[in-house]
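Here is the structure we will look at, set down as structure tokens.
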Number of protein chains: 2
Amino acid sequence: MNSRKRATIYDIAKELNISPSYVSKALSSHESVSESMRQRVREKAEQLNYKHNSRAANLRRGQSRTIGVVVPHINQSFFSDAISGIEEVCFANNHSLVICQSHESYEKEGKAIETLIHQNVDCILISNAEETASTDHLRQIAKNKIPVIQFDRCLDAFDSFKVINDNKAVSYEAVRSLIREGYRNIAFLGGPDLVKIFRERKEGFIAAIAEANLSIPYNFIIDNVLSRERANQAALPLLRLPNRPDAIFTVSDLQSLGVMDAAAALGITIPSQLGVFGFADETFSQLVTPSLSTIDQHSAELGRKAAELYFQRIYQQDEMPKTETVVIASEIRIRQSSRRQ
Amino acid sequence: MNSRKRATIYDIAKELNISPSYVSKALSSHESVSESMRQRVREKAEQLNYKHNSRAANLRRGQSRTIGVVVPHINQSFFSDAISGIEEVCFANNHSLVICQSHESYEKEGKAIETLIHQNVDCILISNAEETASTDHLRQIAKNKIPVIQFDRCLDAFDSFKVINDNKAVSYEAVRSLIREGYRNIAFLGGPDLVKIFRERKEGFIAAIAEANLSIPYNFIIDNVLSRERANQAALPLLRLPNRPDAIFTVSDLQSLGVMDAAAALGITIPSQLGVFGFADETFSQLVTPSLSTIDQHSAELGRKAAELYFQRIYQQDEMPKTETVVIASEIRIRQSSRRQ
DNA sequence: TTGTATGCGTTATCAC
DNA sequence: GTGATAACGCATACAA
């Protein structure tokens with residue numbers, strides 16, 4: 001695919017009988033270059049269809065002006081919304097985005113990180129895979145002097161910038177709203193306990209339950225059932241219990257879908273016999289019937305914030321700043337699935 | 001952020017008292033390097049935490065091993081699924097992905113392309129913005145000797161590899177299924193007429209109508225209403241007509257949602273009084289009530305195919321191959337919204 | 001088997 | 001104002 005090579009500053013220099021370095025300065029509008037010369041160079045560049053090669057420039061500069069992103073799946077609303085926000089900020093700052101997906105696998109996550117290190121990215125934004133139970137891969141990044149920003153699914157065993165929602169507070173709000181609707185026997189379906197956000201959501205749940213002086217049978221709190229299928233498998237036995245839950249709070253919308261499947265299979269009506277509350281406000285949540293009560297994480301905003309953190313706090317900073325955790329406010333969206341009236 | 005620099009082959013060479021170029025060969029397991037030396041180099045590399053800098057290597061090689069992707073929005077199922085497929089293939093071929101979104105704007109699309117050219121990407125995969133009515137931006141890419149592969153939203157005024165669905169055939173099938181269900185007065189909500197896929201979907205619609213000897217009032221075919229809102233605005237007056245349509249075929253699921261909104265607003269029941277058929281099989285389509293009949297485009301497969309086209313037909317080829325259009329079979333998914341019984 | 005020289009396209013430094 | 005030179009990190013043709 002090399003029919004002919006692209007024009008370089010050497011070509012422009014030759015045509016204009018000036019030196020390549022001077023062309024470079026002219027193109028970057030260096031002060032020491034007269035306006036008339038800048039003009040001449042620009043015209044010749046246009047004429048030769050010259051395009052600046054940013055990778056060569058970045059090699060020279062010792063940067064890549066590229067941000068790496070690792071997410072479990074790019075085709076889940078939460079992540080694609082977040083990436084969308086990240087892309088906007090990066091684009092506005094003349095940086096580009098290299099995206100990898102881990103498919104929730106720790107091994108693939110490690111490979112993706114390896115690739116990004118080879119690519120010499122300036123920063124890595126990561127939301128960890130469900131499977132990830134070690135911080136070795138993150139330490140690997142740090143070992144290569146690449147700053148890490150975790151978002152949403154953060155491992156607190158690794159110190160880095162983090163962008164998350166006010167998970168505990170909003171979960172507390174959600175469960176309170178269930179209690180206000182008259183639900184009394186509320187179960188919880190969670191995610192991997194290593195991931196802080198899932199622990200926090202559980203804490204919020206427990207706080208609301210405790211505050212209302214309700215009791216939770218030990219088997220009403222089930223961790224590590226993050227997918228629709230696994231939540232379904234967890235909900236079925238729960239809903240077959242003599243003293244079955246009258247509401248279920250889950251840490252993702254997909255899990256709520258699994259609960260709804262289970263309820264349908266057992267002929268249990270939502271919301272009258274069973275309240276359901278999800279998390280993430282996926283596109284489908286307001287479209288299912290009954291529409292799903294959930295939590296809007298403002299994911300695009302979360303992505304934007306993560307990227308901005310790089311540009312404001314790390315980029316062009318001399319030393320590594322003290323890490324920090326940014327909290328993005330989220331909102332409960334009460335819909336039919338948790339409204340008894 | 002330059003606390004200390006990363007190790008290079010020079011560092012390894014110095015430590016081992018051999019030449020840098022020899023290190024390079026040893027690391028790439030060149031034949032002329034003894035196994036014992038390879039081993040020594042590898043160990044030292046490991047020890048110094050050396051990471052291959054692929055951007056420097058690629059600069060030397062005159063490639064970037066990077067594919068650029070431009071889509072309207074990365075957070076729409078169809079596109080994120082397609083990108084997911086593209087990513088898989090690229091990752092398997094040791095290439096990385098730079099992703100830009102046009103937000104359906106021609107101007108942003110052009111800027112994204114400009115960025116990708118600067119980035120020196122080896123190929124650009126693009127699905128054009130709704131607004132795009134010129135092929136200038138694509139010619140700009142070609143002018144820079146970068147191969148273009150259009151997918152889904154292709155402009156046929158620009159000759160390039162293209163990957164699309166069997167739009168006409170599957171639309172024909174979809175409309176036939178509506179007719180089979182007894183719908184007789186079927187309207188069409190389309191996209192921009194410049195984009196081939198939308199024209200083809202219309203052609204399929206017309207073919208089925210013609211075959212069944214049904215007539216279509218001139219105002220039952222409405223182009224260029226691609227979003228939920230615009231489809232809603234188009235559907236409302238249509239459904240207020242004395243001789244209103246008893247079914248509507250749209251070229252996207254979001255449009256169908258707009259139609260459903262309109263029907264709900266006017267108290268028209270789906271599917272008994274109005275059949276609705278969408279396109280794309282977005283995640284939500286099987287979750288809405290009534291569930292939406294639609295067309296599964298096999299978008300991940302479509303993305304994979306687009307990427308494979310690059311690796312199989314363009315990458316490492318001496319001359320630009322003759323372009324070609326690849327058709328990905330799609331399938332109709334008949335659900336409640338178009339089933340009268 | 002090992003090493004040398006050169007260049008990829010740019011920019012920063014210094015000299016004129 | 002303008003230009004020569006080195007360097008970014010690597011790979012390759014060529015020499016030994």
Side-chain angles (χ1 to χ4, degrees), chain A residues 1-2 4-41 44-45 48-66 94 117-122 144-145, chain B residues 1-2 4-41 44-45 48-66 94 117-122 144-145:
Chain A
M1 286 312 310
N2 289 323
R4 231 191 51 208
K5 314 204 36 184
R6 264 160 57 167
T8 70
I9 50 174
Y10 282 85
D11 300 317
I12 301 179
K14 202 171 293 172
E15 295 253 329
L16 255 38
N17 274 318
I18 56 176
S19 77
S21 58
Y22 201 43
V23 172
S24 169
K25 285 179 203 159
L27 286 172
S28 51
S29 296
H30 216 267
E31 300 162 349
S32 65
V33 180
S34 68
E35 183 52 45
S36 67
M37 182 54 99
R38 290 185 200 173
Q39 195 53 37
R40 281 182 62 203
V41 171
K44 183 56 78 179
L48 295 180
N49 194 35
Y50 165 83
K51 299 288 173 182
H52 181 247
N53 183 330
S54 24
R55 298 176 95 110
N58 290 333
L59 173 63
R60 174 60 233 255
R61 289 199 194 96
Q63 329 173 326
S64 67
R65 301 214 183 179
T66 298
N94 289 309
I117 293 175
H118 290 321
Q119 287 282 326
N120 214 3
V121 295
D122 293 338
N144 287 279
K145 318 284 178 203
Chain B
M1 287 309 312
N2 289 322
R4 231 190 51 207
K5 314 203 36 180
R6 264 160 56 166
T8 70
I9 50 174
Y10 284 85
D11 300 316
I12 301 179
K14 201 171 293 173
E15 295 254 329
L16 255 39
N17 274 317
I18 56 176
S19 77
S21 59
Y22 201 44
V23 172
S24 169
K25 284 180 208 163
L27 286 172
S28 51
S29 295
H30 218 267
E31 302 162 351
S32 63
V33 180
S34 67
E35 182 54 44
S36 67
M37 182 54 100
R38 289 186 202 171
Q39 196 53 36
R40 280 182 63 201
V41 171
K44 183 56 79 179
L48 295 179
N49 194 32
Y50 165 83
K51 299 288 174 183
H52 181 247
N53 183 330
S54 23
R55 300 176 94 111
N58 290 332
L59 175 62
R60 170 62 229 259
R61 289 201 195 95
Q63 327 173 330
S64 68
R65 302 216 180 173
T66 298
N94 288 309
I117 293 174
H118 290 321
Q119 286 282 328
N120 214 1
V121 296
D122 293 339
N144 287 279
K145 317 286 177 200

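Here is how names work: the chains are called A, B, and so on, in the same order as the sequence lines, proteins then strands, and each is numbered from 1. Being a predicted model, the structure only gives us computed values, none of them experimental.
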Note, B/H52 side chain near B/L27 side chain (heavy atom, < 4.5 Å): no
Separation of atom CZ in B/R55 from atom P in C/dG9, rounded to whole Å: 16 Å
side-chain N/O A/Y22 vs D/dG3 OP1/OP2, d < 4.0 Å: no
Rounded distance in Å - CD (A/Q63) to P (D/dG9): 13 Å
Under 4.0 angstrom between A/Y50 side-chain N/O and C/dT10 OP1 or OP2: yes
Distance, rounded to the nearest Å, where B/I18 contributes CD1 and C/dG3 contributes C1': 10 Å
Atom pair distance, as rounded to whole Å: CD in A/E31 and P in C/dA12: 13 Å
Close side-chain approach of A/Y10 to A/V23, heavy-atom, < 4.5 Å: no
Phosphate-side-chain proximity, B/S34 and C/dT2, N/O vs OP1/OP2 below 4.0 Å: yes
No-H, no-angle donor-acceptor pair, A/S19 side chain to D/dA4 base, under 3.5 Å: no
Spacing of B/Q39 atom CD relative to C/dT1 atom P, expressed in whole Å: 15 Å
Between A/R61 and A/N58, a side-chain donor and acceptor under 3.5 Å: yes
Contact check, side chains of B/I117 and A/R6, non-hydrogen atoms, under 4.5 Å: yes
Sugar-phosphate only, base, or nothing, as touched by B/S24 at under 4.0 Å among non-hydrogen atoms: base
Length of the CG-C1' vector between A/L27 and D/dG1, whole Å: 16 Å
Side-chain heavy atoms of B/T66 within contact of A/R55, under 4.5 Å: yes
Heavy-atom donor-acceptor pair, B/K25 side-chain to C/dG3 base, under 3.5 Å: yes
Upstream residue (5' side of DNA chain C) when B/S32 and A/A7 are each assigned their closest nucleotide: B/S32
Distance in angstrom units between A/N58 CG and D/dC10 C1', rounded: 16 Å
Interatomic distance, B/Y10 OH vs C/dT6 P [rounded to whole Å]: 13 Å
Most 5' of B/A56 and A/S21 on DNA chain C, judged by nearest nucleotide: B/A56
